[in-house]
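FYI, side chains are in, hydrogens and waters are out, and symmetry mates aren't considered; it's all heavy atoms of this structure. Fair warning: this is a prediction, and the values are worked out from it, not measured in the lab. Starting from 1, each residue takes its place in the sequence as its number.
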Amino acid sequence: MKWGIIATWRMALEGITEVSRDLEKGLSAADAIEKAIMAVEDYPFYKSVGYGGLPNENCEVELDSAFMDGDTLSFGAIGGIRDFKNPISVAKKLSEERFNSFLVGIGAEEYAHKNGFERKNMLTDKAIKYYNDRVKETLEKGLSPYEGHDTVGMISLDIKGKMCVGTSTSGLFMKKRGRIGDSPVAGSGFYVDSEIGGATATGLGEDLMKGCISYEIVRLMAEGCHPQEAADRAVEKLNQKLIKRRGKAGDISVVCMNNKGEWGAATNIDSFNFVVAGKDQKPAVYLAKNVDGKTIYQPATKEWLDAYEKRIENSIE
Ligand code: ASP
């Protein structure tokens with residue numbers, strides 16, 4: 001049987017590499033998502049997810065996460081949770097609830113506490129340094145504070161044909177306290193239906209939500225589009241609509257996969273990357289960019305991968 005997994009951004013590579021071996025042997029789509037996203041959350045030097053994620057304008061790390069089961073359409077979502085080690089595990093547990101499946105702030109923290117999830121101070125010294133530097137830079141140069149984000153969004157297909165999706169993010173760097181993006185919002189940051197496929201997004205949440213982009217991609221796949229066509233069409237349509245109505249569009253990048261393990265990716269920026277693995281595909285990083293309204297991508301070169309690792313290693317000091 002086919003299996004597959006695809007995720008936004010290079011930071012998902014280690015997690016995907018780890019779970020790929022197990023998906024081949026029968027690991028469930030749900031466990032694959034949780035395990036692979038936990039690997040990103042736990043890694044301190046990815047500055048937009050989990051531990052080490054960049055803080056809001058009050059220098060607090062508020063995390064958003066969601067999990068969805070494509071068989072039952074159950075989802076669990078949390079927004080603005082503070083001081084819990086693995087938001088994806090809390091979201092996955094919440095997806096078992098019939099009611100109250102989207103909790104924010106104190107409510108999410110109470111739920112996580114009652115269910116025994118591990119607490120952790122998620123603000124690292126490095127994140128505080130970033131914060132202080134950015135406050136200074138923003139004041140001095142008038143730069144936009146809302147940079148330095150990226151969400152890990154991941155879709156999996158297991159050998160039994162079940163599909164799941166998960167997201168985890170610290171959201172926009174310097175966001176207002178209580179701001180929640182698209183990542184925990186069903187249909188915008190994620191959506192999956194095992195009878196069709198799944199999609200997940202990263203970029204400017206405020207704009208991604210204007211197009212309910214993940215649901216739109218799944219809808220296009222249901223109409224018969226190949227995942228690549230669905231991703232291209234949905235991104236281009238939302239991008240054009242935002243430009244027409246508002247004069248500009250924020251960053252929009254997506255990945256998707258159907259229940260045959262076929263996949264697609266699209267972006268309106270010039271430096272998106274993603275990771276994919278499957279029955280006939282070793283875990284690989286692809287670099288994507290938008291050229292004249294169309295997304296093109298190619299496997300990352302060894303030079304790019306080495307430079308990425310060096311950058312991350314350097315940030316360890
Ligand atoms: N979409 C996320 C948000 O708006 C951020 C990102 O994916 O870069 O919170």
Side-chain angles (χ1 to χ4, degrees), residues 1-10 12-13 15-17 19-30 32-33 36-37 68-71 73 152-167 187 189-202 211-238 252-268 272-291 293-300:
M1 264 305 275
K2 283 237 175 252
W3 59 271
I5 187 160
I6 187 165
T8 55
W9 305 114
R10 153 67 184 84
L13 181 62
I16 283 198
T17 304
V19 301
S20 294
R21 293 186 284 266
D22 300 334
L23 273 165
E24 175 82 38
K25 291 188 217 133
L27 181 74
S28 74
I33 290 288
I37 291 188
M68 184 168 183
D69 178 315
D71 282 1
L73 307 181
V152 61
M154 194 178 290
I155 305 143
S156 62
L157 163 69
D158 69 24
I159 58 173
K160 290 189 176 146
K162 183 189 177 91
M163 297 192 78
C164 290
V165 63
T167 60
F190 66 95
Y191 196 79
V192 67
D193 179 336
S194 303
E195 292 183 2
I196 307 163
T200 184
T202 178
C212 301
I213 188 134
S214 293
Y215 185 80
E216 176 62 7
I217 293 168
V218 175
R219 193 190 66 76
L220 286 165
M221 290 194 286
E223 282 187 353
C225 290
H226 183 279
Q228 186 54 49
E229 191 191 347
D232 278 332
R233 276 173 62 177
V235 168
E236 197 45 28
K237 192 173 126 196
L238 180 56
I252 303 172
S253 301
V254 301
V255 295
C256 57
M257 180 172 277
N258 66 15
N259 64 1
K260 292 187 244 164
E262 297 165 338
W263 52 269
T267 186
N268 70 346
F272 175 52
N273 54 77
F274 60 96
V275 185
V276 61
K279 190 163 168 44
D280 310 311
Q281 164 141 36
K282 284 208 183 90
V285 178
Y286 282 81
L287 309 183
K289 60 180 171 187
N290 187 294
V291 180
K294 250 201 97 54
T295 297
I296 55 169
Y297 48 76
Q298 58 191 35

L23 vs I159 side-chain heavy atoms within contact, under 4.5 Å
no
Flag the pair L73 / D193 as yes when at least one side-chain heavy-atom distance between them is below 4.5 Å, and no otherwise.
yes
At what distance, to the nearest 0.5 angstrom, does CG of N268 lie from CD1 of I252?
4.5 Å
Which heavy atom of A277 sits nearest a heavy atom of I16, and at what distance?
CB-CG2, 3.8 Å
Looking only at non-hydrogen atoms, find the nearest pair between V218 and I196 and report the distance.
O-CG2, 3.7 Å
What heavy-atom pair brings A12 and M154 nearest, and what distance separates the two atoms?
CB-CE, 4.0 Å
Distance in Å, K289 NZ paired with F272 CZ, rounded so as to fall on 0.5 Å steps:
15.0 Å
Kindly compute the distance separating NE2 (H226) from CE (M221), expressed to the nearest 0.5 Å.
10.0 Å
R219/E216 salt bridge by N-O under 4.0 Å criterion:
yes
Nearest-0.5 Å distance that lies between atom CG in L27 and atom CH2 in W3
10.5 Å
Check whether any side-chain N or O of Q298 sits under 3.5 Å from a backbone N or O of A288 as a donor-acceptor pair, and report yes or no.
no
Whether the side chain of N258 engages the backbone of E262 through a donor-acceptor N/O pair (distance < 3.5 Å, no angle test) should be reported.
yes
Applying side-chain contact (heavy atoms from CB on, under 4.5 Å), run through K294 and D232 and close with a yes or a no.
CA-CA 7 Å; K294 250 201 97 54; D232 278 332; 3.5 Å; yes
From CA spacing to verdict: side-chain contact (heavy atoms from CB on, under 4.5 Å), R233, C225
CA-CA 9 Å; R233 276 173 62 177; C225 290; 3.5 Å; yes
With the side chain counted from C-beta on, respond yes when L13 and P283 share a heavy-atom pair under 4.5 Å apart, and no when they do not.
yes
Taking all non-hydrogen atoms of both residues, which atom of T295 and which atom of A265 are closest, and how far apart?
CG2-O, 3.7 Å
Sidechain-backbone polar pair: T200 side chain, G153 backbone, donor-acceptor under 3.5 Å
no
For the pair S194 (side chain) and D71 (backbone), establish whether a donor and an acceptor sit closer than 3.5 Å, ignoring hydrogens and angles.
yes
Side-chain touch V254/I217, heavy atoms, less than 4.5 angstrom
yes
When every non-hydrogen atom of I213 is compared with those of A201, the smallest separation belongs to CG2-CB, 3.8 Å
Checking S253 now: which residues fulfil side-chain hydrogen bond (donor to acceptor under 3.5 Å, both in side chains) with it, not counting sequence neighbours?
T267
Only counting residues at least two apart or in another chain, list the ones meeting salt bridge (charged side-chain N to carboxylate O under 4.0 Å, His left out) with K2.
D280
Please find the pair of heavy atoms, one from A199 and one from V165, that lie closest to each other, and give the distance.
O-CG2, 4.0 Å
Q281, CD: over 12 other non-hydrogen atoms inside 6.0 angstrom
yes
Between OG of S214 and CD1 of I155, what distance do you get to the nearest 0.5 Å?
7.5 Å
Could you go through M163 and M257, starting from their C-alpha distance and side-chain angles, then the distance that decides it, and tell me whether this counts as side-chain contact (heavy atoms from CB on, under 4.5 Å)?
CA-CA 9 Å; M163 297 192 78; M257 180 172 277; 4.2 Å; yes
Step by step, work out the side-chain contact (heavy atoms from CB on, under 4.5 Å) result for T202 and W9.
CA-CA 9 Å; T202 178; W9 305 114; 3.1 Å; yes
Nearest 0.5 Å please: distance from the OG atom of S28 over to the NZ atom of K162.
7.0 Å
Counting only heavy atoms not in Y215, do more than 12 fall under 6.0 Å of its OH?
no
Sidechain-backbone polar pair: N273 side chain, L287 backbone, donor-acceptor under 3.5 Å
no
Below 30° counts as parallel, above 60° as perpendicular, anything between as tilted: where do the rings of Y286 and F274 land?
parallel
